[in-house]
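A short worksheet on the structure shown next.
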Protein chains: 2
Amino acid sequence: MNNANNALTEAVYYILLSLIEPKHGYGIMQQTASLSGGRLRLSAGTLYGALVSLQEKGWIEPLGEEGRKKEYRLTDNGRSVLIAEVERLEELVKNGKELLNH
Amino acid sequence: MNNANNALTEAVYYILLSLIEPKHGYGIMQQTASLSGGRLRLSAGTLYGALVSLQEKGWIEPLGEEGRKKEYRLTDNGRSVLIAEVERLEELVKNGKELLNH
DNA sequence: TCCGTTATATCGGTTGCCGATACAAATGTA
DNA sequence: TACATTTGTATCGGCAACCGATATAACGGA
């Protein structure tokens with residue numbers, strides 16, 4: 001337990017964003033690369049490890065399997081976390097712009 | 001070396017922002033708590049560990065000591081990193097807002 | 001005098017990302 | 001048909017970073 005560090009990692013942030021629309025693991029990789037303009041490419045280790053831990057936290061849930069594909073989607077809980085994260089990021093941007101333009 | 005993960009941690013981000021104006025370690029703690037509305041309180045372990053690694057990266061530099069206080073300031077290199085980070089954060093916010101409001 | 005704040009520093013534990021590796025089905029191409 | 005690439009999921013070891021706890025000590029106010 002720490003003081004208040006609710007910060008999501010960039011990987012987790014994009015995984016959660018991707019799962020607003022149900023999607024399977026490989027689809028998350030593709031959407032993340034696309035959303036970030038090719039900048040962020042999730043490694044398999046990051047992605048599949050995160051899918052396990054995010055289920056344990058109750059932020060995403062499995063939807064079933066279609067052939068080889070395992071689909072997941074964001075839970076209501078996960079959506080709340082995402083909304084809070086966007087607010088945190090907006091705080092960072094606001095502070096950054098203020099201090100950089102002295 | 002990884003694909004393109006230039007993401008700063010929240011702690012490092014606020015430390016760099018604080019050092020736009022020269023400041024000593026404890027002053028960074030105070031400004032960070034203030035800027036984040038009390039949300040983020042850097043632990044001593046995080047702060048002093050980061051001050052060492054940020055010097056090694058050349059993003060901050062020591063200015064000298066005033067009694068017990070050791071002052072640091074952002075380098076030009078550190079400033080560039082900060083500017084890039086604000087741009088990255090803006091991308092995250094933009095994507096988050098777009099996808100959350102489907 | 002005593003206590004809270006200021007101030008710097010180290011240590012061990014935990015978490016999380018990464019690259020590498022593995023395996024295999026599906027698709028595209030020569 | 002044969003081969004290469006893409007799609008798809010999964011595990012492992014290593015490394016970096018944050019955290020809380022702990023240590024030490026000067027300073028200021030009640």
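Quick caveat: nothing in here was measured; it's all calculated off a predicted structure.
None of Lys23(B), Glu66(B), Glu65(B) except one satisfies the side chain to side chain contact (heavy atoms under 4.5 Å, CB included) rule with Glu71(B); the exception is Glu66(B).
When rounded to the nearest whole Å, the span between NZ of Lys23(B) and P of dT8(C) equals 13 Å. Rounded to an integer number of Å, the gap from Tyr48(A) OH to dT9(D) C1' is 5 Å. Rounded to an integer number of Å, the gap from NE2 of His24(B) to C1' of dC27(D) is 13 Å. Atoms NZ (Lys69(A)) and P (dT7(D)) sit 10 Å apart, rounded to a whole Å. The interatomic distance linking Leu47(A) (CG) with dT9(D) (P) rounds to 8 Å, in whole Å. As a whole-Å value, the separation of Glu65(A) CD from dT7(D) P is 20 Å. When the P atom of dT7(D) is taken as reference, atom CG of Leu42(A) falls 15 Å away, rounded to whole Å. In this structure, CD of Glu10(B) is placed 11 Å from C1' of dC18(D), rounded to the nearest angstrom.
The backbone N or O of Ile20(A) sits nowhere less than 3.5 Å from a side-chain atom of Arg79(A) that would complete a donor-acceptor pair. Checked by atom type and distance alone, the side chain of Asn77(A) never pairs as donor or acceptor with a backbone atom of Gly58(A) at under 3.5 Å.
Salt bridge Glu91(A)/Lys94(A): absent, no basic N to carboxylate O contact under 4.0 Å.
Looking at heavy-atom distances under 4.0 Å, Gly25(A) makes contact with sugar-phosphate atoms alone, never a base. Residue contacts for Gln30(B): at a heavy-atom cut-off of 4.0 Å it reaches the sugar-phosphate backbone alone, with no base atom in range.
Of all nucleotides listed (dC17(C), dT8(C), dA10(D)), dT8(C) comes nearest to the side chain of Tyr26(B). For Ala44(B), counting side-chain heavy atoms from C-beta on, the closest listed nucleotide (dC17(C), dA9(C), dC18(D)) is dA9(C). The side chain of Arg68(B) has dA26(D) as its nearest neighbour among dT9(D), dA26(D), dG16(C). Of the candidate nucleotides dA10(D), dA9(C), dC18(D), dA9(C) has the atom lying nearest to any side-chain atom of Tyr72(B). Relative to the side chain of Thr46(B), the nucleotides dA25(D), dC19(D), dT9(D) differ in distance, and dC19(D) lies closest.
The phosphate of dT8(C) has neither OP1 nor OP2 within less than 4.0 Å of any side-chain N or O from Lys70(B).
Under the 3.5 Å distance criterion, with hydrogens and angles disregarded, no donor-acceptor pair is assigned to the side chains of Tyr13(B) and Asn95(A).
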